[in-house]
Amino acid sequence: MGRDVPALVFTREDRRRYRSKMQECLEAFAQMLRESRFETERPQVGLEIELNLVDDEAEPAMCNSDALEAIADPAWATELGRFNLEINIPPRRLTAGGPDSWETEIRAALNHAEDRAKSIGAHLIMVGTLPTLRETDVGEAALSENPRYRLLNDQVFAARGEDLHIEVDGVDRLRTYADTIMPEAACTSTQFHLQVSPDEFADYWNAAQAIAGVQVALAANSPFLLGKELWHESRIPLFEQATDTRPQEIKAQGVRPRVWFGERWINSVFDLFEENLRYFPALLPLCDEQNPVETLDRGDIPDLGELTLHNGTIYRWNRPVYAVAHDKPHVRVENRVLPAGPTVADTLANGAFYYGLTRALVEEERPVWSRMSFSVAEDNLHTAARHGIEAQLYWPGVGEVTAPELVLRRLLPLAHRGLELSGMDAAWREPLLGIIEQRCVTGRNGAVWQKEMFHHIDASVHPGRHEALRRMTQQYMDYMHLNAPVHTWPVD
């Protein structure tokens, strides 16, 4: 939900009108699908990275507004917490510019932002959950200044009617209550966008759902949350709980959560937007003046403002996106399962694996989603989040195997094939997918390194838990800036 919204109180009439406008948007969207009005000639990919702000001691820095002013670049935006920022990398063709151009562009943007943030005593870190974050850092005072966050917070708690209960069991046990949605700000993600034709959308979304667990197992980078050692990717259970609008009684009735894997393979992008309207009440019933059906009848392209705003308050791990660019509408899959970091090199390797593997799976004669139950795909996601790269995952034709064995034996060759089909030659794809291969061979990703480094510091120096986390985070940042893939990071 990137739109700026005013601070206000919603009436019953607002909600009735919004529901009506969403239905009109859905009807207009269906008409556009029937008439094939979408951009399909030059599909692009995109990338969003959420980051944390820390001070010189690697403690959270509550200064995102000042950092944004110092960076002075429209590609950057605030996020929920005052210690968060987000960068939107401009979309591009997957194979545009040669093998180093995207990495050079991303690193230049991050280095510029780091240099500007230093001027206000802050630094940027790409990590799934900031290890030095404490419960006192995620209270109401840490909410970003933009009114949309306050409004979203108020609407979530109006729907719940009670405080959030957050509970995660790992090596340690986290039990806490929250009276704001601020714990969600501890989740910082990498989001890959993939523009596809509407006719292909269902296949790409189904493929992305099928591999979500594999992605998380390989790239887990969130083992510490609010001072506790929990899941390898603690961001997954935290996000599912920190944005939950359902009190316990509503959960027991089977009402769907707003952070949602889904419940079925789909046949059309329309299925997902229809589910949004059918299952989820509006959190922010703000109506545009535009009439989408009349806009279509004039031969123009509607923004579908109510449909897109509502979609932005439903947090699917693979989200459908409708947008208009250069007067042409398009749809894309927003892949949201991965944590931020550890490096730009790791991020682009994760992207190459995702883009290549989904392309290859879509091209298969017998799709994987026709051979795997949807519930197994969801189980894979949570198993991977809990156990990381050591997770045992199910894959059709293979059975239950460790994530590295599955990737090395079956999925990495498919990712190579998918990138080749996309026009990426071996000189580009081999270094990128080589990072994935070495992660599997070494069994080391961001979560593994963090855990090992934390216990090394704790065992060798006995500085206390928070001090060990702080020192580990400082070391993490040093290696992050070197941009060497995380599987090469030493523990010393």
Side-chain angles (χ1 to χ4, degrees), residues 189-192 194 196 200-220 222 231-237 239-240 254 256-269 271-272 275-276 279 314-321 332-339 350-351 353-412 414-415 418 436 440:
S189 307
T190 297
Q191 295 155 24
F192 291 110
L194 177 59
V196 297
E200 294 181 311
F201 183 95
D203 286 350
Y204 274 97
W205 188 85
N206 289 340
Q209 292 285 95
I211 68 169
V214 180
Q215 287 183 276
V216 168
L218 291 177
S222 313
W231 293 14
H232 283 240
E233 190 48 43
S234 305
R235 197 181 111 267
I236 298 290
F239 196 50
E240 289 176 340
R256 281 84 172 172
R258 291 192 95 92
V259 178
W260 199 32
F261 188 78
E263 60 190 14
R264 61 181 176 127
W265 307 117
I266 64 168
N267 297 310
S268 166
V269 62
D271 295 349
L272 300 179
E275 284 181 351
N276 288 355
Y279 296 144
I314 299 159
Y315 306 95
R316 297 175 186 270
W317 293 113
N318 284 290
R319 178 191 274 166
V321 176
R332 61 184 190 262
V333 181
E334 181 186 17
N335 179 247
R336 302 166 49 83
V337 297
L338 292 182
N350 294 338
F353 182 74
Y354 167 70
Y355 292 130
L357 184 53
T358 52
R359 173 68 185 268
L361 293 175
V362 165
E363 297 285 341
E364 287 190 318
E365 285 189 21
R366 190 180 175 201
V368 65
W369 52 93
S370 71
R371 298 176 284 131
M372 177 194 292
S373 74
F374 195 87
S375 61
V376 166
E378 183 173 15
D379 289 344
N380 277 351
L381 173 64
H382 289 98
T383 299
R386 182 182 289 274
H387 300 291
I389 204 164
E390 300 171 352
Q392 294 267 342
L393 305 178
Y394 175 82
W395 194 260
V398 179
E400 277 205 4
V401 294
T402 64
E405 183 180 355
L406 173 60
V407 171
L408 293 173
R409 282 177 50 193
R410 183 63 63 92
L411 303 185
L412 199 58
L414 285 175
I436 301 297
C440 293

Requested in this report: Verify side-chain contact (heavy atoms from CB on, under 4.5 Å) between Thr190 and Arg336, making sure each step is shown before the conclusion.
Outcome: CA-CA 7 Å; Thr190 297; Arg336 302 166 49 83; over 6 Å; no
**Report entry** Salt-bridge contact Arg235-Glu240 (side-chain N to carboxylate O under 4.0 Å)
**Finding:** no
Nearest 0.5 Å, what's the [atom1]-[atom2] distance between [X] and [Y]?
X: Arg332; Y: Phe201; atom1: CZ; atom2: CZ; result: 10.5 Å
X: Glu275; Y: Ile266; atom1: CD; atom2: CD1; result: 8.0 Å
X: Cys440; Y: Leu406; atom1: SG; atom2: CG; result: 9.0 Å
X: Trp317; Y: Leu381; atom1: CH2; atom2: CG; result: 7.0 Å
X: Phe353; Y: Gln215; atom1: CZ; atom2: CD; result: 7.5 Å
X: Glu233; Y: Ile389; atom1: CD; atom2: CD1; result: 12.5 Å

Query - Short side-chain to backbone donor-acceptor contact, Asn380 and Ala212, under 3.5 Å - result: no
Report task. Could you go through the side chain to side chain donor-acceptor pair (under 3.5 Å) check for Asn276 and Arg316 one step at a time? Result -> CA-CA 10 Å; Asn276 288 355; Arg316 297 175 186 270; 3.0 Å; yes
Query raised in the report: So, Tyr279 versus Glu263: side-chain donor-acceptor pair below 3.5 Å or not?
Result: yes
Report task. Decide yes or no on salt bridge (charged side-chain N to carboxylate O under 4.0 Å, His left out) for Glu364 and Arg371, but give the supporting numbers first. Result -> CA-CA 12 Å; Glu364 287 190 318; Arg371 298 176 284 131; 3.7 Å; yes
Requested in this report: Could you walk me through whether Arg258 and Tyr315 pass side chain to side chain donor-acceptor pair (under 3.5 Å), step by step?
Outcome: CA-CA 6 Å; Arg258 291 192 95 92; Tyr315 306 95; over 6 Å; no
Query raised in the report: Could you go step by step and tell me if Trp205 and Arg319 meet the side-chain contact (heavy atoms from CB on, under 4.5 Å) rule?
Result: CA-CA 8 Å; Trp205 188 85; Arg319 178 191 274 166; over 6 Å; no
Query raised in the report: Mind checking whether Trp231 and His382 have parallel, tilted or perpendicular rings, split at 30° and 60°?
Result: perpendicular
